[in-house]
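In what follows, residues are counted from 1 in the order of the sequence shown.
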Amino acid sequence: MHQGRVVFGAIEEVVFGHPAAEAILAQMDRLRSDRAFLMVSGTLNRQTDEIAKIKQALGPRCASVFDAMPAHTPREAVIAAANAAREAKADLIVTVGGGSITDGAKAVQLCLANGIDDVAGIERIRVHKGVAPEMNAPLVRQISVPTTIAGGEFSSMAGVTDRSTHVKQMLRHPLVVPRATILDPAITVHTPEWLFLSTGVRAVDHCVEAICSRETHPYADAQSVKGLAMLADALPRVKANPADLDARMDAQLGTWLSMGALAAGVPMGASHGIGYVLGAAFDVPHGYTSCIMLPAVMRWNAPDNADRQTIVAAAMGFPGMAAADVLDAFIRSLGMPRSLSDMRVSPEHFDAIAEQAMRTPWVPRNPRRIDGPAQVREILLLAA
């Protein structure tokens with residue numbers, strides 16, 4: 001008999017297929033917001049007119065713009081953004097960009113609510129040993145227009161990197177999830193191909209690790225299996241024709257579905273856990289960590305969960321094949337990297353990576369039990 005608990009998150013609306021500027025303005029009207037703090041992609045701001053169009057639509061309701069959030073959301077940039085939002089007297093944060101910007105805004109919400117104005121203060125709001133500390137709930141909330149498809153805009157968790165230790169730390173609060181997410185495929189055409197497609201593989205990773213989890217349930221499966229099928233169909237179409245907005249929309253909708261299981265309490269596994277370490281310690285982009293690690297993790301897990309892996313292969317259109325082989329071929333077809341050596345991560349680093357991965361929230365919940373760093377090293381060798 002299934003047992004479990006599904007907690008519905010604080011996201012209020014998902015708007016899809018409408019132009020970003022128009023949808024942001026409608027959300028501000030709905031939320032009665034007058035002072036939007038825009039946290040946006042620097043590339044979009046400086047090399048396209050997309051942010052200018054949003055600023056024009058908002059007029060005097062745009063309080064300030066911050067466009068300096070690097071990859072992996074370092075603490076220093078979070079504090080810079082929080083101080084700028086505080087100075088702007090923002091009543092809403094609007095993000096337009098990738099996952100690092102989305103996560104940055106989640107962290108800014110907590111900094112504003114808890115009076116944090118320096119890097120050391122983030123220690124007070126981060127998760128320690130899997131437990132989020134007591135803190136004030138955010139009052140200045142967030143809406144998001146994602147330009148990548150890793151799915152963080154549907155999550156109440158954020159990863160923030162402590163550059164002094166090269167460790168990505170988790171922040172978590174039920175109200176940091178954006179109040180609304182706006183899926184506009186047209187704004188994603190500016191996203192570099194490698195970034196759009198690799199974050200799409202990150203979304204595939206959410207689906208696959210959820211389907212293969214020992215803690216999944218039918219509510220989560222329904223979203224993960226459909227999301228995986230949509231992503232497996234849409235990403236090659238985007239690769240074949242980057243101007244295909246229908247394909248981009250399908251990829252965005254597949255990403256939304258990919259986050260359903262995680263939001264419903266299903267944990268991720270070793271691909272996500274090892275990916276945290278590779279991102280923070282070696283600056284490997286989020287999407288690339290999934291491109292490299294997911295097939296290896298599936299191969300290592302297969303002795304314990306072959307039955308669940310058959311669901312993965314079937315959802316991707318290859319029933320009866322080994323899921324690791326299907327994923328390997330799929331990722332290669334998108335032109336993505338497939339080995340740690342491609343990212344200049346070599347076996348001499350594996351012991352340190354394995355030690356650190358054991359301290360992530362996900363490696364201990366991998367479906368094939370991982371008792372210590374030696375087993376993580378076995379997975380790393382499969383991805384070498």
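Using modelled atom types and a 3.5 Å distance limit, the side chains of Arg202 and Thr255 yield no donor-acceptor pair. Side chains of Glu348 and Ser346: a donor on one and an acceptor on the other come within 3.5 Å.
The environment of Glu13 atom CD is dense: over 12 non-hydrogen atoms of other residues, nucleotides or ligands sit within 6.0 angstrom. Open room surrounds NZ on Lys55; 12 or fewer heavy atoms of other groups in view lie less than 6.0 Å from it.
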Passes side chain to side chain contact (heavy atoms under 4.5 Å, CB included), Met343 versus Tyr288? Steps please.
CA-CA 9 Å; Met343 296 290 105; Tyr288 280 181; 3.6 Å; yes

Set out, in order, the CA-CA distance, both residues' side-chain angles and the distance that settles side chain to side chain contact (heavy atoms under 4.5 Å, CB included) for Gln27 and Leu92, then state yes or no.
CA-CA 10 Å; Gln27 288 296 321; Leu92 182 70; 6.0 Å; no

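Across all their heavy atoms, Ala36 and Val94 have their closest contact at CB-CG2, 4.0 Å. Nearest heavy-atom pair across Val96 and Ile101 is O-CD1, 4.2 Å.
Side chain of Asn114 to backbone of Asn136: a donor-acceptor contact under 3.5 angstrom is found. Remark: side-chain polar atoms of Asp91 are paired, donor with acceptor, to backbone N or O of Arg35 under 3.5 angstrom. One N or O on the side chain of Thr199 and one on the backbone of Ile149 form a donor-acceptor pair closer than 3.5 Å. Of the possible donor and acceptor atoms, one in the side chain of His128 sits under 3.5 Å from a partner among the backbone N and O of Glu123. Put simply, the side chain of Arg61 gets close to the backbone of Ser33: a donor and an acceptor are under 3.5 Å apart. One N or O on the side chain of Arg248 and one on the backbone of Pro242 form a donor-acceptor pair closer than 3.5 Å. Remark: the backbone N or O of Phe330 is paired with a side-chain donor or acceptor of Ser333 at under 3.5 angstrom. Looking at Arg163, its side chain never comes within 3.5 Å of a backbone N or O of Pro74 through a donor-acceptor pair.
Every pair tested for salt bridge (Lys or Arg N to Asp or Glu O under 4.0 Å) that includes a residue from residues 128-141 fails, sequence neighbours excluded, so the list is empty. Evaluation of the side-chain hydrogen bond (donor to acceptor under 3.5 Å, both in side chains) test over residues 93-107, restricted to residues two or more places apart or in two chains, returns Thr95-Ser144.
Classification of Arg332 and Asp328 as a salt-bridged pair holds, one side-chain N sitting under 4.0 Å from a carboxylate O. Between Arg365 and Glu209 there is no salt bridge, since no side-chain N of the basic residue sits under 4.0 Å from a carboxylate O of the acidic one. The residues Arg237 and Asp233 are annotated as salt-bridged, a charged nitrogen and a carboxylate oxygen being separated by less than 4.0 angstrom. The existence of a salt bridge linking Arg46 and Asp67 is confirmed by a sub-4.0 Å separation between a basic side-chain nitrogen and an acidic carboxylate oxygen.
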Sequence neighbours excluded and cut-off under 3.5 Å, please list the side-chain donor-acceptor pairs for residues 369-384, or say none.
from	atom 1	to	atom 2	distance (Å)
Arg369	NE	Asp371	OD1	2.6
Arg369	NH2	Asp371	OD1	3.4
Gln375	OE1	Asp371	N	2.4
Gln375	OE1	Gly372	N	3.3
Arg377	NE	Asp351	OD1	2.7
Glu378	OE1	Trp300	NE1	2.7

Acceptor/donor pairs from residues 301-308 side chains to any protein atom, 3.5 angstrom cut, sequence neighbours excluded:
from	atom 1	to	atom 2	distance (Å)
Asn301	OD1	Asn366	ND2	2.8
Asn301	ND2	Asn366	OD1	3.3
Asn305	OD1	Gln309	NE2	2.9
Arg308	NE	Ile211	O	2.7
Arg308	NH2	Ile211	O	3.1
Arg308	NH2	Asp221	OD1	2.9
Arg308	NH2	Asp221	OD2	2.9

Only distances under 3.5 Å count here; give the side-chain donor-acceptor pairs of residues 171-185 to other protein atoms, sequence neighbours excluded, each with its distance to 0.1 Å.
from	atom 1	to	atom 2	distance (Å)
Arg172	NH2	Gly130	O	3.0
His173	ND1	Leu175	N	3.0
Arg179	NE	Glu12	OE1	3.3
Arg179	NE	Glu12	OE2	2.8
Arg179	NH2	Glu12	OE1	3.4
Arg179	NH2	Glu12	OE2	3.1
Thr181	OG1	Glu153	O	3.2
Asp184	OD1	Ala186	N	3.0
Asp184	OD2	Ala20	N	2.9

Distance-only check: which donor-acceptor pairs under 3.5 Å involve side-chain atoms of residues 314-326, not counting sequence neighbours?
from	atom 1	to	atom 2	distance (Å)
Asp325	OD1	Arg299	NH1	3.0
Asp325	OD1	Arg299	NH2	3.3

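Residues Leu340 and Leu294 share a hydrophobic cluster, clusters being chains of Ile/Leu/Val/Met/Phe/Trp/Tyr side chains in contact below 4.5 Å.
The shortest side-chain heavy-atom distance between Thr161 and Thr73 does not fall under the 4.5 Å cut-off.
By the 30° and 60° cut-offs, the orientation of the rings of His72 relative to His286 is perpendicular.
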